[in-house]
**Student:** 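Pasting a structure below so you can have a look.
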Amino acid sequence: MSENRREFFRVIFNQALSGKVSVYGGSFLPIQIYDVSAGGLVFSSPLNLPIGESVSCSFELLEKDFLLEGSIVRKATGVDVVECGVEFAVNQGASSELFKQLNYYQIRQRKSLLED
C-alpha cells in the first residue's frame, strides 16, 4: 500500500489550466498546469529549469488570480517538454485563499461528474 506524504489535498484538472511562470523576475512565459494544491503545483513547459530554481507562478482559478512564489523541487524531461513540480514558499494569506478556491473547484468537479 502506498503512503500519501502530501500535506495538502491536490486537485487534478481534467483539462490543463493555462498559467505563466517567471524566472529571475523576468517576463512571464506560458505553461500548462496539471494539478495544484495549497503547497505547490505541477506544470509543463519547453523551459528546462534546474531543481532549486526560484519561480513566480501566475494562474487563474474560478475567476480568482493567483501569483505565488516557489521553487522547482522535481522535474521530468520529455521529448519536447519538461514537467516541473513547484513547492510554494509559505504565504499564509495566499495559501488559505488558494485552499478555499481549490475546495470550491473540487466540489464543482465532483458535482459535474455526478450529473453526467
Side-chain angles (χ1 to χ4, degrees):
M1 186 164 120
S2 68
E3 181 182 329
N4 185 357
R5 298 177 299 157
R6 299 191 191 284
E7 185 176 346
F8 302 102
F9 76 93
R10 185 164 292 272
V11 173
I12 299 170
F13 302 111
N14 296 331
Q15 189 171 9
L17 199 66
S18 294
K20 299 176 191 169
V21 67
S22 172
V23 184
Y24 305 120
S27 61
F28 280 88
L29 303 167
I31 58 171
Q32 295 296 305
I33 301 170
Y34 297 107
D35 64 57
V36 176
S37 77
L41 59 79
V42 172
F43 73 86
S44 70
S45 166
L47 297 172
N48 190 357
L49 301 171
I51 290 180
E53 186 68 55
S54 294
V55 294
S56 297
C57 300
S58 172
F59 59 95
E60 182 181 304
L61 183 64
L62 298 176
E63 300 178 7
K64 177 82 175 163
D65 292 324
F66 290 93
L67 177 61
L68 300 162
E69 304 294 320
S71 60
I72 306 294
V73 292
R74 68 173 183 80
K75 70 178 187 174
T77 306
V79 176
D80 292 330
V81 298
V82 177
E83 186 176 281
C84 296
V86 174
E87 181 178 354
F88 296 139
V90 177
N91 175 335
Q92 199 62 32
S95 181
S96 67
E97 183 62 31
L98 178 57
F99 185 82
K100 183 170 75 173
Q101 291 300 324
L102 289 170
N103 272 321
Y104 291 150
Y105 184 90
Q106 194 170 48
I107 289 167
R108 288 182 181 184
Q109 193 178 43
R110 286 182 181 161
K111 280 184 178 180
S112 71
L113 287 176
L114 292 174
E115 293 169 2
D116 288 343

**Student:** How far apart are the closest heavy atoms of Gly40 and Arg10, and which atoms are they?
**Tutor:** O-NH1, 4.1 Å
**Student:** If you look at every heavy atom in Pro30 and Ser45, which pair is closest and at what distance?
**Tutor:** O-OG, 4.2 Å
**Student:** Measuring from atom CG of Leu41 to atom CG of Leu68, what distance do you get when rounded to the nearest 0.5 angstrom?
**Tutor:** 8.0 Å
**Student:** Which value, rounded to the nearest 0.5 Å, describes the distance between Cys84 atom SG and Tyr34 atom OH?
**Tutor:** 11.0 Å
**Student:** Given the rule that I, L, V, M, F, W and Y join up when any side-chain heavy atoms are under 4.5 Å apart, are Phe43 and Phe13 in one cluster?
**Tutor:** yes
**Student:** Would you check, one step at a time, whether the test side chain to side chain contact (heavy atoms under 4.5 Å, CB included) holds for Phe28 with Val21?
**Tutor:** CA-CA 5 Å; Phe28 280 88; Val21 67; 5.6 Å; no
**Student:** With rounding to the nearest 0.5 Å, note down the distance linking CZ in Phe66 to CG in Leu61.
**Tutor:** 6.0 Å
**Student:** Do Ile31 and Leu29 land in one hydrophobic cluster if side-chain heavy atoms of ILVMFWY residues count as linked below 4.5 Å?
**Tutor:** yes
**Student:** Does Cys57 reach the side chain of Lys20, with side-chain heavy atoms less than 4.5 Å apart?
**Tutor:** no
**Student:** Starting at CD1 of Ile72, measure out to CZ of Arg74 and round the result to the nearest 0.5 Å.
**Tutor:** 10.0 Å
**Student:** Side-chain contact test, heavy atoms from C-beta onward, threshold under 4.5 Å: evaluate it for Leu17 versus Gln32 and give yes or no.
**Tutor:** no
**Student:** Would you name the heavy atoms of Glu60 and Glu63 that are closest together and state the gap between them?
**Tutor:** OE2-CA, 3.5 Å
**Student:** Following the transitive rule for hydrophobic clusters with a side-chain heavy-atom cut-off under 4.5 Å over Ile, Leu, Val, Met, Phe, Trp and Tyr, establish whether Leu62 and Ile107 coincide in one cluster.
**Tutor:** no
**Student:** In terms of the angle between their ring planes, are Phe88 and Phe59 parallel, tilted or perpendicular, with boundaries placed at 30° and 60°?
**Tutor:** parallel
**Student:** What are the two closest heavy atoms between Leu98 and Ala38, and how far apart are they?
**Tutor:** CD2-CA, 4.0 Å
**Student:** Side chains of Ile51 and Lys75: closer than 4.5 Å at any heavy-atom pair?
**Tutor:** yes
**Student:** Could you walk me through whether Glu53 and Val23 pass side chain to side chain contact (heavy atoms under 4.5 Å, CB included), step by step?
**Tutor:** CA-CA 8 Å; Glu53 186 68 55; Val23 184; 3.7 Å; yes
**Student:** More than 12 heavy atoms of other residues, nucleotides or ligands under 6.0 Å from CZ of Phe99: yes or no?
**Tutor:** no
**Student:** Measuring from atom OG of Ser37 to atom CG of Leu102, what distance do you get when rounded to the nearest 0.5 angstrom?
**Tutor:** 7.5 Å
**Student:** Under a 3.5 Å cutoff, is there a donor and acceptor pairing between the side chains of Ser44 and Glu83?
**Tutor:** no
**Student:** Please round to the nearest 0.5 Å and tell me the distance separating atom CD of Gln106 and atom CD of Gln101.
**Tutor:** 13.0 Å
**Student:** Can you tell if the side chain of Ile33 reaches within under 4.5 Å of the side chain of Val42, non-hydrogen atoms only?
**Tutor:** no
**Student:** Taking side chain as C-beta onward, heavy atoms only, is Tyr105 less than 4.5 Å from Val36?
**Tutor:** no
**Student:** Are Phe9 and Asn103 packed together at the side-chain level, in the sense that at least one heavy-atom pair is separated by less than 4.5 angstrom?
**Tutor:** yes
